[in-house]
There are 2 protein chains.
Amino acid sequence: MAPANPNAENSRFHEPAAAPQGGPASPGGMSRLRVAVPSVATRVATELRLQIAEGALLPGTKLKEEALSEELGVSRNTVREAFAELASERLVVRQPNRGVFVASLGVNDIHDVYTVRRAIEVSAVRGGGSPESIASVRAAVEEGKRAAAAGDSEGLGSANQHFHGALVAMASSERLNTIMSQVLAEMRLFFHKASVDGGFYQDYLEENEKICKALEAGDTELAAERLLSYLDRSEEHQTAVHTS
Amino acid sequence: MAPANPNAENSRFHEPAAAPQGGPASPGGMSRLRVAVPSVATRVATELRLQIAEGALLPGTKLKEEALSEELGVSRNTVREAFAELASERLVVRQPNRGVFVASLGVNDIHDVYTVRRAIEVSAVRGGGSPESIASVRAAVEEGKRAAAAGDSEGLGSANQHFHGALVAMASSERLNTIMSQVLAEMRLFFHKASVDGGFYQDYLEENEKICKALEAGDTELAAERLLSYLDRSEEHQTAVHTS
DNA sequence: ATTGCTGAATCGTTGAACGTTTCCCAAGTC
DNA sequence: GACTTGGGAAACGTTCAACGATTCAGCAAT
């Protein structure tokens with residue numbers, strides 16, 4: 001029965017979130033829009049995912065369920081469900097009877113992730129895409145240019161992820177998209193350590209431009225070829241950074 | 001009510017279950033061997049996965065958590081965790097406040113699944129593989145031949161899945177393998193409806209042989225080409241079967 | 001230094017409870 | 001008769017409290 005919940009510093013997970021989007025009901029054509037409020041477990045998962053992505057939770061960190069449940073103001077079981085979600089995305093690893101830890105990737109994992117990327121991205125590019133999907137690839141390229149001009153290395157990395165996400169979106173495959181977003185989430189895990197090497201960024205920015213141009217010209221094979229070589233170089237770069 | 005569970009075998013999930021535990025991921029690059037007994041939730045998940053795979057639970061069937069918890073002798077929370085696992089594999093879908101249902105795929109899903117397969121399998125084949133990995137591809141081909149000779153259409157389908165699993169195993173990528181096994185699990189969802197067309201099976205059996213031969217000859221490009229055309233035809237076949 | 005034990009900290013799982021959402025069906029209205 | 005309205009029952013989402021099991025760290029004994 002709703003105890004006072006003293007330390008309600010983080011009770012944002014319980015609010016009914018009854019934000020009446022759209023305010024007054026529009027008369028007439030009321031579409032059956034799903035107002036699906038994500039379950040509490042899902043919200044906890046997204047919160048954790050975010051913290052992991054922005055480096056607030058470093059790889060290897062142990063996540064104690066009781067501590068988290070208290071801190072977030074949810075029950076231990078709910079935290080547990082959130083963990084299950086994150087574990088399925090490989091963002092955390094479960095060690096039986098020991099706890100869950102933020103995943104920390106080794107060089108072999110890096111290679112593995114790039115193997116997946118080569119498979120998915122190249123395939124999507126080879127298949128070509130609709131003009132709109134190519135347009136959003138272009139958008140990501142421009143986003144990168146702006147970030148570079150502004151010297152925003154954070155936004156540069158973000159733009160790059162958008163670029164590659166847009167590439168697989170060309171295939172307009174629900175499953176391929178979710179796989180790719182998980183892979184990108186995994187990459188953020190070791191991006192934090194990758195010191196932003198300006199030279200490399202400049203390099204891939206040009207490469208993205210070339211790939212995009214090839215796509216706009218309809219030469220998917222050339223685009224795929226360039227993408228592949230980029231991925232190889234990128235893997236090499238990441239591997240080098242993480243071998244010490 | 002669709003297929004009430006025929007076998008009321010109330011299997012106890014608390015007994016031993018000396019099943020091997022693959023790899024306890026390596027948060028440190030170290031692979032310490034663990035004799036971990038799969039958690040109860042995991043065992044429940046595998047049980048349900050199995051029943052779905054063999055058609056005991058048909059697509060669309062509602063899985064009530066209380067009923068299952070009682071039937072399997074575990075708590076509702078545990079069943080819930082198992083559901084989370086299966087949901088992450090797309091074998092069941094969760095409808096908020098309504099329950100979980102065995103996933104039922106539509107034609108669009110079929111296309112989507114094949115899109116993933118084209119990406120992953122072709123990429124793996126293009127990359128080539130070690131002699132041992134090619135040997136297990138050969139093994140799957142022979143397995144298919146034996147099943148065909150014995151008129152075992154069940155085993156034939158199984159062998160075909162082994163074949164394609166072996167193809168992506170060539171890339172020796174942990175992530176690619178798990179993705180593939182999930183995709184294959186999804187395919188079993190609509191394989192039950194696919195009336196076993198003997199002619200088609202004979203067809204793909206020969207195709208597998210050709211692909212395998214190309215691999216053994218080291219001509220990965222030819223193998224990839226044939227695989228791609230097979231996947232296209234297979235998708236066409238499945239789509240045809242499921243449009244009625 | 002190694003071995004073995006004990007205790008605290010956590011995890012895994014259970015069982016029960018309560019609020020909410022959905023769904024079904026009967027009653028009521030136009 | 002078709003449509004809406006209003007219970008209620010059924011099932012889900014979430015919480016809470018508890019107990020056994022496992023792990024780990026520290027300390028005593030060999």
Side-chain angles (χ1 to χ4, degrees), chain A residues 1-8 10-18 30 32-47 60-87 92-101, chain B residues 1 11-17 19 21 24 27-28 32-47 60-87 92-102:
Chain A
M1 22 201 156
N5 194 356
N7 51 354
N10 251 324
S11 55
R12 48 188 148 142
F13 288 97
H14 288 144
E15 308 304 342
M30 179 133 150
R32 265 294 213 172
L33 193 52
R34 266 283 177 224
V35 197
V37 179
S39 89
V40 179
T42 303
R43 270 177 283 167
V44 171
T46 37
E47 169 66 17
T61 310
K62 175 170 183 178
L63 302 177
K64 298 184 241 217
E65 30 190 66
E66 186 169 5
L68 269 180
S69 79
E70 197 165 329
E71 182 174 337
L72 298 179
V74 302
S75 113
R76 199 157 73 92
N77 281 353
T78 303
V79 173
R80 192 159 246 276
E81 277 202 42
F83 282 168
E85 195 172 325
L86 296 177
V92 303
V93 295
R94 263 194 142 123
Q95 295 194 13
N97 279 312
R98 287 186 32 78
V100 316
F101 303 79
Chain B
M1 291 320 229
S11 46
R12 281 288 160 195
F13 281 87
H14 293 162
E15 308 309 330
Q21 151 71 344
R32 192 173 152 196
L33 191 52
R34 276 209 185 279
V35 235
V37 182
S39 85
V40 179
T42 303
R43 273 176 281 167
V44 171
T46 39
E47 169 65 17
T61 310
K62 175 170 183 179
L63 302 177
K64 297 184 242 216
E65 31 189 65
E66 187 169 5
L68 270 179
S69 80
E70 196 164 331
E71 183 174 336
L72 298 179
V74 301
S75 113
R76 200 156 72 91
N77 279 343
T78 303
V79 173
R80 189 160 252 275
E81 277 202 42
F83 282 168
E85 196 171 326
L86 296 177
V92 302
V93 294
R94 270 195 129 125
Q95 295 195 11
N97 278 311
R98 289 188 28 82
V100 317
F101 303 79
V102 178

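Letters go in sequence order (proteins before strands), and every chain restarts at 1.
- Rounded to an integer number of Å, the gap from CD of A:Glu66 to P of D:dT15 is 14 Å.
- The side chain of B:Thr78 approaches C:dT14 more closely than any other nucleotide in the set C:dT14, D:dT15, C:dC11.
- Residue B:Glu81 contributes atom CD, which lies 7 Å from atom P of C:dT13 at whole-angstrom precision.
- The distance from atom CZ of A:Phe101 to atom P of D:dT23 is 12 Å, rounded to the nearest whole Å.
- Residue A:Ser39 has its side chain nearest to D:dT14 when only C:dG15, D:dT14, C:dC11 are considered.
- Between B:Glu65 and B:Arg76 there is a salt bridge, with a side-chain nitrogen of the basic residue lying less than 4.0 Å from a carboxylate oxygen of the acidic one.
- Atom CZ in B:Arg43 sits 10.0 Å away from atom OG1 in B:Thr78 (nearest 0.5 Å).
- The nucleotide whose nearest atom lies closest to any side-chain atom of A:Arg98 is, among D:dA11, C:dC11, D:dT23, D:dT23.
- Following rounding to the nearest Å, B:Lys62 (NZ) and C:dT22 (C1') show an atom-to-atom distance of 9 Å.
- With a 4.5 Å cut-off on side-chain heavy atoms, B:Phe83 and B:Leu68 count as touching.
- Here NZ of A:Lys64 is found 11.5 Å from CD of A:Glu71. Values are rounded to the nearest 0.5 Å.
- Taking B:Glu85 as the reference, B:Arg49 meet the salt bridge (charged side-chain N to carboxylate O under 4.0 Å, His left out) condition, with sequence neighbours excluded.
- One can place CG of B:Asn77 at 12 Å from C1' of D:dA17, the figure rounded to the nearest angstrom.
- As rounded to whole Å, 14 Å separates atom C1' of D:dT15 from atom CD of A:Glu70.
- Both B:Glu65 and A:Val79 sit near DNA chain D, but only B:Glu65 has its closest nucleotide nearer the 5' end.
- Per the geometry, CZ belonging to A:Phe83 stands 11 Å off C1' belonging to C:dC11, to the nearest Å.
- Distance B:Glu85 CD to C:dT13 P: 11 Å, rounded to the nearest Å.
- B:Arg94 meets the salt bridge (charged side-chain N to carboxylate O under 4.0 Å, His left out) test with no other residue; sequence neighbours excluded.
- Between A:Val92 and A:Phe101 there is no side-chain heavy-atom pair separated by less than 4.5 Å.
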Show the distances under 3.5 angstrom between N or O atoms of the protein and N or O atoms of nucleotides 19-21 of chain D.
none

